[in-house]
S.K.: 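Dropping the structure in here first, questions after.
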Amino acid sequence: MSVRALRGAIQLEVDERVHLLDGVRTLFQEMLAANGLDHDDLVSVLFTATPDLVSEFPAVAARELGVNDVPLMCAQELDIAGSLPRVVRILAYAETELSKPEIKHIYLGGAAALRRDLSVAGEPR
């Protein structure tokens with residue numbers, strides 16, 4: 001068993017608490033499901049949000065899913081001119097039998113543009 005990192009991102013339509021939590025929950029659940037993981041496999045999770053997202057801490061979404069015994073941390077992304085707005089990113093570390101090339105990274109909505117190499121035909125997955 002190894003510790004592997006999984007990445008994901010979602011671009012939100014608006015900065016509203018319920019919308020942010022729904023989007024982050026969806027992203028987090030898809031990241032785990034795509035890699036055959038559950039919260040017991042998690043080592044730690046880092047959430048980042050662009051500076052224009054201030055309605056809630058993204059980690060609250062994971063706590064609402066019952067992830068209460070895993071270290072979670074939130075941070076703010078760099079405010080780079082021209083960067084994609086309203087984006088939450090997740091970097092999760094988990095114990096898994098998957099090799100690095102087998103790990104599936106998930107980019108939803110407009111965030112698929114961040115990593116077209118990890119999306120099918122440039123579409124979100």
Side-chain angles (χ1 to χ4, degrees):
M1 179 116 15
S2 298
V3 174
R4 302 283 185 218
L6 340 150
R7 296 170 303 186
I10 186 168
Q11 184 180 35
L12 303 172
E13 297 294 320
V14 294
D15 180 29
E16 294 176 356
R17 183 180 190 275
V18 171
H19 180 64
L20 183 143
L21 292 175
D22 286 345
V24 173
R25 270 193 303 269
T26 297
L27 172 62
F28 192 59
Q29 289 174 314
E30 286 196 29
M31 289 172 64
L32 295 178
N35 291 286
L37 302 170
D38 63 37
H39 98 265
D40 288 332
D41 299 314
L42 295 171
V43 174
S44 65
V45 185
L46 173 64
F47 298 83
T48 66
T50 51
D52 51 2
L53 294 175
V54 297
S55 62
E56 184 57 273
F57 292 100
V60 169
R63 294 285 185 231
E64 289 179 351
L65 289 170
V67 181
N68 296 310
D69 58 351
V70 175
L72 307 178
M73 181 175 278
C74 294
Q76 189 176 80
E77 284 287 332
L78 296 174
D79 192 10
I80 304 298
S83 63
L84 204 58
R86 299 176 317 279
V87 174
V88 173
R89 291 172 174 85
I90 299 175
L91 179 61
Y93 296 93
E95 294 178 325
T96 180
E97 296 292 337
L98 296 175
S99 66
K100 286 181 186 178
E102 292 174 313
I103 296 292
K104 294 176 181 68
H105 307 288
I106 307 297
Y107 291 82
L108 302 177
L114 296 171
R115 291 301 304 262
R116 292 198 186 279
D117 59 317
L118 297 178
S119 300
V120 179
E123 294 297 319
R125 59 177 190 158

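In this chain, numbering begins with 1 at the start of the sequence shown.
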S.K.: Under 3.5 Å, which donor-acceptor pairs do the side chains of residues 78-87 form with other protein atoms, sequence neighbours left out?
M.R.:
residue, atom, partner, partner atom, Å
Ser83, OG, Ile80, O, 2.8
Arg86, NE, Leu12, O, 2.7
Arg86, NE, Glu13, O, 3.1

S.K.: Just do the side chain to side chain contact (heavy atoms under 4.5 Å, CB included) check on Glu56 and Leu21 with the steps written out, would you?
M.R.: CA-CA 8 Å; Glu56 184 57 273; Leu21 292 175; 3.8 Å; yes

S.K.: Working to the nearest 0.5 Å, report the span between CD of Glu30 and OH of Tyr107.
M.R.: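 Interatomic distance, Glu30 CD to Tyr107 OH, rounded to 0.5 Å: 13.5 Å.
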
S.K.: For Leu6, run the side chain to side chain contact (heavy atoms under 4.5 Å, CB included) check against Leu91, Leu37, Ile90 and tell me which one passes.
M.R.: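 Exactly one candidate clears the test, Leu37.
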
S.K.: Is Leu72 reachable from Leu65 through a run of hydrophobic residues whose side-chain heavy atoms are each under 4.5 Å from the next?
M.R.: yes

S.K.: To check you understand the geometry: which heavy-atom pair defines the closest contact between Ile103 and Thr96, and what is its length?
M.R.: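 Nearest heavy atoms, Ile103 then Thr96: CD1-CG2, 4.2 Å.
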
S.K.: Which heavy atom of Gln11 sits nearest to which heavy atom of Gly110, and what is that distance?
M.R.: OE1-CA, 3.2 Å

S.K.: In Å and rounded to the nearest 0.5 Å, what is the NE2 to CE distance from His105 to Met31?
M.R.: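 With rounding to 0.5 Å, NE2 (His105) is 8.5 Å from CE (Met31).
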
S.K.: How close do Ile106 and Ala34 get, heavy atom to heavy atom, and via which atoms?
M.R.: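 Taking every non-hydrogen atom into account, CD1-CB, 3.8 Å.
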
S.K.: When rounded to the nearest 0.5 angstrom, what is the spacing between CZ in Arg25 and CG in Leu20?
M.R.: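 Answer rounded to 0.5 Å: 9.5 Å.
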
S.K.: Side chain to side chain contact (heavy atoms under 4.5 Å, CB included) between Arg4 and Asn35: does it pass, once the steps are laid out?
M.R.: CA-CA 11 Å; Arg4 302 283 185 218; Asn35 291 286; over 6 Å; no

S.K.: Are Val60 and Val45 connected into the same hydrophobic cluster when the rule is that any two of I, L, V, M, F, W, Y join if their side-chain heavy atoms are below 4.5 Å apart?
M.R.: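 Result: yes, single cluster for both.
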
S.K.: Search all heavy atoms of Glu102 against all heavy atoms of Glu97 and return the closest pair with its distance.
M.R.: OE1-O, 4.3 Å

S.K.: Take Thr50 and Glu77 through the test side chain to side chain donor-acceptor pair (under 3.5 Å) and record every step on the way to the result.
M.R.: CA-CA 5 Å; Thr50 51; Glu77 284 287 332; over 6 Å; no

S.K.: Can you name the closest pair of heavy atoms from Arg89 and Ala9 and give their distance?
M.R.: CG-CB, 3.9 Å

S.K.: Are Val67 and Leu46 linked, directly or through intermediate hydrophobic residues, by side-chain heavy-atom contacts shorter than 4.5 Å (ILVMFWY only)?
M.R.: no

S.K.: With rounding to the nearest 0.5 angstrom, report the CG to CG distance, Leu32 to Leu27.
M.R.: 9.5 Å

S.K.: For the hydrophobic clusters of this structure (ILVMFWY residues joined by side-chain heavy atoms under 4.5 Å, transitively), does one cluster hold both Phe57 and Leu42?
M.R.: yes

S.K.: Under a 3.5 Å distance rule, please check whether Asp41 uses its side chain to pair with a backbone N or O of Asp38 as donor and acceptor.
M.R.: yes

S.K.: Same cluster or not: are Val70 and Phe47 linked, directly or through other Ile, Leu, Val, Met, Phe, Trp or Tyr residues, by side-chain heavy atoms under 4.5 angstrom apart?
M.R.: yes

S.K.: Please report the shortest heavy-atom distance between Ala49 and Pro58, naming the atom on each side.
M.R.: CB-CG, 4.3 Å

S.K.: In Å, rounded to the nearest 0.5 Å, how long is the span from CZ of Phe28 to CD of Glu64?
M.R.: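 Nearest 0.5 Å value for the CZ-CD distance: 12.5 Å.
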
S.K.: Atom CD of Glu16 and atom CG of Leu53: how far apart are they, to the nearest 0.5 Å?
M.R.: 11.5 Å

